[in-house]
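Excluded from the calculations below are hydrogen atoms, water molecules and symmetry mates; all remaining heavy atoms, backbone and side chain alike, are included. We name chains A, B, ... by the order of the sequence lines, and we start the count at 1 in each one.
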Amino acid sequence: MRLSRLFGETLREAPADAEFISHQLLVRAGYIRQLGAGIFSYLPLARRVMDKIENIMREEMNAIGGQELTMPVVHPAEIWKETGRWYQIGSEMGRMKDSTGRDMVLAMTHEEVVTDLVRDIIHSYRQLPALIYHIQTKWRDEPRSRGGLIRVREFTMKDSYSLDRDWEGLDKQYWAHYQAYFNIFNRCDLPTIAVESDVGMMGGKQAHEFMYLTPIGEDTLVLCDACGYTANRQVATFRKPEPEPEEPKPLEKVPTPDTKTIEDLANFLGIPQSKTAKAVFMVATITEGQEDVQKFVFAVVRGDMDLNETKLANAVKAKELRPAHEEEIKAIGAEPGYGSPIGIKRENVIVVVDDLVTKSPNLVAGANEEGYHYLNVNYGRDFTADIVADIVAAADGYACPECGAPLRTVRGVEVGNIFKLGTRYSAAMGALFQDKDGTRKPVIMGSYGIGVGRLMASVVEEHHDDYGIIWPITIAPYQVHIVALKGGYDVAEQLYQALQDAGVETLFDDRTEPSPGEKFNDADLIGIPLRLTVGGRSLKKGGVELKRRAEKDIALVPVDEVVARVQQEIEVMTEAIMAKVRGDAT
RNA sequence: CGGGGAGUAGCGCAGUUCGGUAGCGCGCUUGGUUUGGGUCCAAGAGGUCGUCGGUUCGAAUCCGGCCUCCCCGACCA
């Protein structure tokens, strides 16, 4: 490709609204343009990177038995009503009507379509297992997109779906994906870790997220350096400290003016925060039968710990969970800032108590009266719970659930995820097969996704310097970038031709107007892994200059050896990445 | 949805306080110059100042509504 003809241009300055490095560089280097919030065009350079990424995905999916197909972006709402997600999912789902007034859905994922295909096509256990996938557009109307390509509303995803007759089969395909995903990320030279995760709106049994660790990440992960335990903070557990046993003391109401926070309270009474109980008021939307009902959720955790809303939502099987308004809190007889489950109204209220609170004696808790707390509150004697569960968020320094060593929290970007769905969709939609014994059973499913654009942006976050992007050879839009300078244009033309004939993907900066400095800067910005500088100066010295984008060294290569030398460099760089892939695969 | 910020030429910005009919740098076009890390000179093109309405002799500027984008939070395969 001749740079003079390339559709797209480099910018000296990044748009003011680009905050993340990947966003700035991808815009400045001419890869992407924004159309609206979370909606982007992908220019020819980005298209080529995405093609490379998608082909890596295809190879890894095909290697574990995947078959590629294409499913539609627009779905009749009926199938989403069949699984209930039409009702469960809120504004994140794109809905519209066709010209006859029928409800339609913009694809946010494809379980429903897959399941519809399965009930159409799969009849017998002989057709299982199977694995199908496609790479296609998704629309998720995120309340807030951000960070360039890190979180968008319209995006391309590789999503695959495993179909099995039994749970062993699902397990096998699940772990095959687990390894295939590491292969994909490693081939893109993106370091990732897998963490246990919440099943969220997908439902199902088990899930992992693949995380690229970076401070700009939106997810908080909990890691144990000692034993390797990893989990998304949403589901991370930890070993709770065993409270000192004490004889229960009599309940006592004391004035505690201006102690609306746990910190104030602990300071006022001169006790550690671990000797207090904290009330958190939420309102949950819970599906009961066909309808959604709102329930007040009264959560109690120890004062020194934070509520984990995902755990709480799972404990009460909530579809939605939001903080309660002050009027709602007062309506049940509680007082914000001085709340406790003692003496509140219990109808339509779910009291959820963290399991550690039930074992902690003589806590200080609110008296549901402005300016007063109770001393020596004990679970069982003074209050009870509808649900006792672990509802506390893991934090830095807490004990690892596996080995007890201190946990560490880090931020990460979720670049992929895998889910054991089980029969949630097949049962709901009647996707049954006849097993060997003649019985009809729902197909056991898994679903697996990787966002292409987010992966591309993550690679830029990981591989760049002050001057621009540094693409890994495996997904670079071109393999070599020829910079032609004065006195070298004819030779550059010949090399461009020769490299293309040899099958080397070449970007040729044939522009005559820009100064050498501009051309070098553009080359650095665009980030092609190899650069060939062809100019009168080096030709006089006997060749052209070959430089890796990632390194400073420049090699002088005789013109007639350039093609072979470039091919060799590509091979070496590719091999370096593939060695990592194989290393992680063992 | 709550909080904050911003919409002026392709990009980055000034001008708004105190109303007088729009400017700078980069980019773009043309000519010259220069040619190994964003040369220099000159001449140009390009903007209904997000939008609708109001106040006024006169609005980028004051007032009101709306739209859009960004950041933080809520939310989130």
Side-chain angles (χ1 to χ4, degrees), chain A residues 8-20 23-24 27-28 30 33-39 85 89-93 107-111 138 140-148 150-153 155 157-159 161 197-204 207-211 216 218-219 232 234 282 285 309-310 313 319-323 325 414-421 446-451 454 466-468 483-489 509 511-525 531 533-541 544-545 547 552 554:
Chain A
E9 62 172 355
T10 57
L11 301 175
R12 255 183 220 225
E13 286 170 293
D17 55 16
E19 289 246 325
F20 289 12
H23 188 191
Q24 292 173 1
V27 172
R28 281 189 57 210
R33 281 295 131 98
Q34 183 163 1
L35 179 63
I39 307 175
R85 288 159 115 189
I89 299 173
S91 55
E92 197 184 344
M93 178 183 283
M108 55 194 306
T109 174
H110 281 80
E111 282 76 18
K138 305 284 185 279
R140 292 183 191 173
D141 199 350
E142 299 278 352
R144 190 180 151 218
S145 51
R146 72 183 125 198
I150 295 295
R151 176 142 128 175
V152 293
R153 295 194 293 171
F155 59 101
M157 173 176 264
K158 186 289 301 173
D159 41 326
Y161 302 88
S197 67
D198 185 48
V199 293
M201 79 166 184
M202 302 300 302
H208 282 87
E209 291 167 342
F210 290 78
M211 292 283 180
I216 66 162
E218 308 197 88
D219 288 273
N232 194 305
Q234 291 178 330
M282 308 292 287
T285 306
E309 290 186 20
T310 305
K319 169 178 142 186
E320 277 179 30
L321 197 63
R322 62 161 171 85
H325 303 136
E414 179 189 345
V415 287
N417 53 44
I418 58 179
F419 283 93
K420 285 186 180 176
L421 296 176
S447 88
Y448 315 86
I450 300 178
R454 182 182 282 185
D466 291 346
Y467 302 99
V483 175
L485 300 178
K486 194 175 185 182
Y489 285 90
D509 189 350
R511 299 171 302 172
T512 52
E513 321 81 55
S515 66
E518 273 182 270
K519 298 177 85 164
F520 288 133
N521 278 312
D522 278 347
D524 287 344
L525 195 53
R531 188 181 82 192
T533 306
V534 185
R537 188 197 278 188
S538 67
L539 288 172
K540 270 180 207 144
K541 285 194 275 183
V544 302
E545 290 163 10
K547 177 184 175 299
K552 285 206 184 82
I554 294 173

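- For A:Arg12, there are no side-chain hydrogen bond (donor to acceptor under 3.5 Å, both in side chains) partners, not counting sequence neighbours.
- Atom-to-atom, CG of A:Asn521 to C1' of B:C11 comes out at 17 Å; the value is rounded to the nearest Å.
- To the nearest angstrom, P of B:C71 lies 10 Å from CD of A:Glu218.
- The separation between A:Glu414 atom CD and B:C76 atom C1' is 9 Å, rounded to whole Å.
- At least one donor-acceptor pair under 3.5 Å links the side chain of A:Lys519 to the backbone N or O of A:Ala484.
- The CD-P distance, from A:Glu513 to B:G36, rounds to 16 Å in whole Å.
- At a threshold of 4.0 angstrom between heavy atoms, the contacts of A:Asp522 include nucleobase atoms, whether or not backbone atoms are also involved.
- One C1' atom belongs to B:U56, the other to B:G20, and the distance between them is 12 Å to the nearest Å.
- In this view, A:Asp141 and A:Arg153 satisfy the side-chain hydrogen bond (donor to acceptor under 3.5 Å, both in side chains) rule, not counting sequence neighbours.
- Between A:Glu92 atom CD and B:A74 atom C1' the separation is 14 Å, expressed in whole Å.
- Going from atom CD1 of A:Ile150 over to atom CD1 of A:Ile216 covers 4.5 Å, rounded to the nearest 0.5 Å.
- Under 4.0 angstrom from either OP1 or OP2 of B:C76 there lies no side-chain N or O belonging to A:Gln234.
- Separation of the P atoms belonging to B:U51 and B:A60 is 11 Å when rounded to the nearest angstrom.
- Note on A:Glu209: nothing from the nucleic acid sits closer than 4.0 angstrom, heavy atoms only.
- Projected onto RNA chain B by closest heavy-atom contact, A:Lys138 and A:Leu35 fall at different nucleotides, the more 5' of which corresponds to A:Leu35.
- When heavy atoms are screened at a 4.0 angstrom cut-off, A:Glu19 is found touching the sugar-phosphate backbone but no base atom.
- Side-chain contact check for A:Arg322 versus A:Met282: every heavy-atom pair is 4.5 Å or farther apart.
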For nucleotides 12-14 of chain B, print each protein N/O atom paired with a nucleotide N/O atom at under 3.5 Å, atom names and distance only.
{"unit_1": "B:G12", "atom_1": "OP1", "unit_2": "A:Ala16", "atom_2": "N", "d": "2.6"}
{"unit_1": "B:G12", "atom_1": "O4'", "unit_2": "A:Glu13", "atom_2": "OE1", "d": "3.4"}
{"unit_1": "B:G12", "atom_1": "O2'", "unit_2": "A:Glu13", "atom_2": "OE2", "d": "3.1"}

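- If you check every strand for non-hydrogen atoms under 4.0 Å, A:Gly147 touches sugar and phosphate atoms only.
- As rounded to the nearest Å, B:U39 and B:G47 have P atoms that lie 28 Å from one another.
- For A:Arg537 and B:U35, the CZ to C1' distance is 10 Å, given to the nearest whole Å.
- Atom name C1', nucleotides B:G15 and B:A59: the rounded distance is 14 Å, in whole Å.
- Listed nucleotides: B:G27, B:C76, B:G36. Nearest to the side chain of A:Arg12: B:G27.
- Straight-line distance between the P atoms of B:U61 and B:C52: roughly 13 Å, to the nearest whole Å.
- Of all nucleotides present, none satisfies the Watson-Crick or G-U wobble test against B:U17 with each distance under 3.5 Å.
- A 3.5 Å limit on both hydrogen-bonding distances identifies no Watson-Crick or G-U partner for B:C75.
- Nucleotides B:G5 and B:A14, compared at atom P, are 16 Å apart to the nearest Å.
- Considering only residues two or more places apart in sequence or on other chains, A:Glu518 meets the salt bridge (charged side-chain N to carboxylate O under 4.0 Å, His left out) condition with none of them.
- Going from the P atom of B:G10 to that of B:A45 covers 16 Å, rounded to whole Å.
- Under the rule for a side-chain hydrogen bond (donor to acceptor under 3.5 Å, both in side chains), A:Thr310 has no partner lying at least two apart in sequence or in another chain.
- Distances shorter than 4.0 Å separate none of the side-chain N or O atoms of A:Ser515 from OP1 or OP2 on B:U35.
- Using a 4.0 Å cut-off, no side-chain N or O of A:Arg146 falls inside it from OP1 or OP2 of B:C69.
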(request) For nucleotides 1-10 of chain B, just jot down a letter per nucleotide in 5' to 3' order: B, S or -, based on protein non-hydrogen atoms under 4.0 Å. (result) ----------
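- By the ring-ring contact (aromatic ring centres under 6.0 Å, His included) test, A:His208 pairs with A:Tyr174, A:Trp175, A:Tyr178, sequence neighbours left out.
- A:Glu414 pairs by the side-chain hydrogen bond (donor to acceptor under 3.5 Å, both in side chains) definition with A:Asn417, not counting sequence neighbours.
- A:Asp524 places its CG atom 12 Å from the P atom of B:G38, with the value rounded to the nearest Å.
- With sequence neighbours excluded, the residues satisfying salt bridge (charged side-chain N to carboxylate O under 4.0 Å, His left out) with A:Asp524 are A:Arg531, A:Arg549.
- Base engagement by A:Thr533 is indicated by at least one non-hydrogen atom pair under 4.0 Å involving a base atom.
- Here the separation of B:G4 from B:A74, taken at their C1' atoms, is 15 Å to the nearest Å.
- Using a 4.0 Å heavy-atom criterion, one finds that A:Thr512 contacts no nucleic acid atom at all.
- Searching all strands for a Watson-Crick or G-U wobble partner of B:G25 with both distances below 3.5 Å returns B:C11.
- Side-chain contact between A:Val544 and A:Leu539 is present, with at least one heavy-atom pair separated by less than 4.5 Å.
- Atom-to-atom, NZ of A:Lys547 to P of B:G37 comes out at 14 Å; the value is rounded to the nearest Å.
- With B:G38, B:U39, B:G37 as the choices, the nucleotide that has an atom nearest any side-chain atom of A:Arg531 turns out to be B:G37.
- For A:Arg151, the side-chain atoms get nearest to B:C76 when compared with the rest of B:G27, B:C71, B:C76.
- For the residue pair A:Ser538 and A:Glu545, no side-chain donor N or O sits within less than 3.5 Å of a side-chain acceptor on the partner.
- Looking at heavy-atom distances under 4.0 Å, A:Glu309 makes contact with sugar-phosphate atoms alone, never a base.
- For the pair A:Lys519 and A:His110, nearest-nucleotide mapping onto RNA chain B gives the more 5' position to A:Lys519.
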